[in-house]
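For reference, the structure discussed in these notes is given below.
Every value quoted in this text rests on a predicted model; they were computed, and no experiment measured them.
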Amino acid sequence: MKWKFILIFAAVLEILGVMVMANNFVSVKDGHFVLDKQPFYFAGTNNYYLDYASTPMINNVLENASKMGLKVIRCWGFVNGTESNGVVIQPSLGVYNPNGLDTLDYTIMRADQLGLKLIIVLSNNWDDFGGMNWYVQQAGLKNHEDFYTNSNVISKFEDYIKFVLDHKNIYTGIQYKDDPTIMGWEVANEPRNEGNSPEIITKWAEQITNFIRSIDPNHLIGIGDEGWFDVKGSSNWAYNGYEGLDWNSLLKLPNVDFGTYHLYPGSWGWIDHPVETGLKWIKDHILAAKSLGKPAILEEFGMTNDRDYAYYRWTQQIYEDGGDGWMFWILTGINTMGATPVNGEYPLYPNYDGFRVVYPSLTATLLSDQAAEMNYLDGQRPSFEPVVFFKNPQESEIVNGNVMIEVMPLTYGQKIKSVEFVSGGGTITLSSTYNGIYEGIWDTKKIKDGIYSIKTIATLDNNATLSDEINVQIRNAEARIVLGKTFKFAQGLSDWWNGGTYQANFLSPAFEYSDLLDGSIQMNVEWPGKNNWEEVRIGTTVGDLIDYARVSYDLYVPLDGLKFDDNSQISLYAVLNPGWIKLNINSYKISQMPVVEINGTKYLKFSISDDFPQNVSNANQLIIGVAGGYLPYSGPVYINNVQLYKKVY
């Protein structure tokens, strides 16, 4: 009797637990998100490696997101075909790894502990991590459109969705379809069907969203698209259905609960006034969503030029127009995957696309302030202290000649009376530009070389002043480039470390000494040959790199056993770190490279020479990346003749 009571009580607790969780699901009411019967406006971010990265990497991203005041993180829920960091969820079509979701299990559990919600994406338009083309190829088909139209492919994708939604988290014991930590599902990342009727994707999306709803009545469902419109008569490719989508039609689907749109002016060719074009894009989507009575999220956005100003204007526009949420691309942190800690600290995850945001940083602070504003959209607007800062030059930068001074004030609605630049040579009144930056030219040609303090002062309408002060180094003297350091590998490789991999692997050992050409680093690599970028990296701590101006090195790849065609290539680049300052990407077609013979063995030889940018004052690490592209190979490659050059004045 006693045990029967305990079992009944446990069952009641389980039911009550489910009931409590059900109250914590994000829902939609009157066209807006709701959580615990309260409006749920939010700021968030994206990260694609939370379903396969190491536990420290996951913790670092989630904890930093929490520190920034972000509420929602969008992440991938797929790793198909090829392993990433030893993780694969669906190794072949319809075959599921029983442990493949363990990493995502941990991410969900840790997000819940930190009070974060997740949006999980179920497939990818792009090839990374086994996208739509992987499904198509596994089914013996060829066309990208088959993912949307072929009944067998659609059925296999639905099987995968069911596998994910029915999965029980190994840490919490909760099935994904019952877990309120998950805010919602997205059927794909950036689906496109270029040049074809939007009706194809709309029909596919209706079938998939209906299927998800049949399994999961609890969670919100979105598409994950970029927001392309289909407006009759429009000549603008983003508005005339060219990408094979119609945002309004997708949002009208009965089981689509929220709309999504992305914003990448640089990648989309919006060169003229990209910030203002982005503002119109935001307004158009907020208005369209309101007219349809559903919420919409700017769930990806990225800029490389004038980034902070663009992010401020875009997120501010969403706040002022009553938008429901924004999520920047991409918050990353430390990298432990195949990387070696230096002085007890792991390097940062590489800035592959140039959009990386790390915490702490100036951009992270700006986004954190904007997140606080967004989080209180349903209450009183928080107040922020206005600031002004130098965008160019930056602290400790070396400058010469006519220097473009760029200053950015963030005044949070307060009007600016004037912005001035102050140096030892006097004061310059800066001019406002269309993008909110204040500019002017500082002539340093007649100033003696040395270190100088410069200052900017912004005066507001109420006569309050803001200021920022930095030090720069003037160098106008002509310089000669001379050899400063040659790495002697025969003396040992203790200063070199494994810098990590991407879509490739190191064999064991990752690298070692070779006596090729009087001493080289032999990197033992495995390139699957399935992607255009399969990368391995090694790095070394050099000391203060501000004294150097150029790096050169050679790569030798044995020709024996190398299988290649006209698409095969090798790409090389060097990075200065911290800051992940990528010098250049040098890509070469294998079929066009010269062959050299050394001791009876034939090699492809690649010779690289890259100049440093001026501002490398904080960099003390040199990282060399070697990426195979559609080049299946397992074996050694050799780095030789690594040299650093100095500028002598």
Quiz prompt | Full working for side-chain hydrogen bond (donor to acceptor under 3.5 Å, both in side chains) between Asn463 and Lys417 | solution = CA-CA 8 Å; Asn463 291 321; Lys417 182 183 293 184; 2.5 Å; yes
May I ask you to decide if the ring planes of [X] and [Y] are parallel, tilted or perpendicular, using 30° and 60° as cut-offs?
X	Y	result
Phe301	Trp314	perpendicular
Phe390	Phe421	perpendicular
Phe40	Phe33	perpendicular

Next item on the list: Apply ring-ring contact (aromatic ring centres under 6.0 Å, His included) to Phe328 and Tyr311, showing your working.
Entry: CA-CA 9 Å; Phe328 65 89; Tyr311 289 5; 7.2 Å; no
If only atom types and distance count, is the side chain of [X] paired as donor or acceptor with the main-chain N or O of [Y] below 3.5 Å?
X	Y	value
Thr465	Ala458	no
Gln503	Trp533	yes
Asn46	Ile330	no
Asn64	Asn60	yes
Asn586	Leu572	yes
Thr304	Gly354	no

One thing to verify: whether Arg192 and Glu190 come together as a salt bridge, which I'm taking to mean a side-chain N less than 4.0 angstrom from a carboxylate O. no
To the nearest 0.5 Å, atom OH of Tyr502 lies from atom OH of Tyr49 at 12.5 Å
So CG of Leu70 and CG of Leu331: to nearest 0.5 Å the spacing works out to 7.0 Å
Between [Y] and [X], is there a side-chain heavy-atom distance shorter than 4.5 Å?
X	Y	answer
Asp468	Lys455	no
Met374	Thr315	no
Ile334	Tyr349	no
Leu348	Thr332	no

Of all heavy-atom pairs linking Asn248 and Ala288, the shortest is OD1-CB, 3.7 Å
For Leu114 and Ser66, the nearest pair of non-hydrogen atoms, with its separation, is O-OG, 4.1 Å
In Thr45, Asp353, Asn47, the residue satisfying side chain to side chain donor-acceptor pair (under 3.5 Å) with Trp329 is Asp353
Next on the checklist: Set out, in order, the CA-CA distance, both residues' side-chain angles and the distance that settles ring-ring contact (aromatic ring centres under 6.0 Å, His included) for Tyr239 and Trp281, then state yes or no.
Outcome noted: CA-CA 10 Å; Tyr239 286 80; Trp281 185 249; 5.5 Å; yes
For this session: For the pair Tyr264 and Glu226, evaluate side-chain hydrogen bond (donor to acceptor under 3.5 Å, both in side chains) and give the outcome as yes or no after the intermediate values.
Result: CA-CA 10 Å; Tyr264 293 100; Glu226 296 155 284; over 6 Å; no
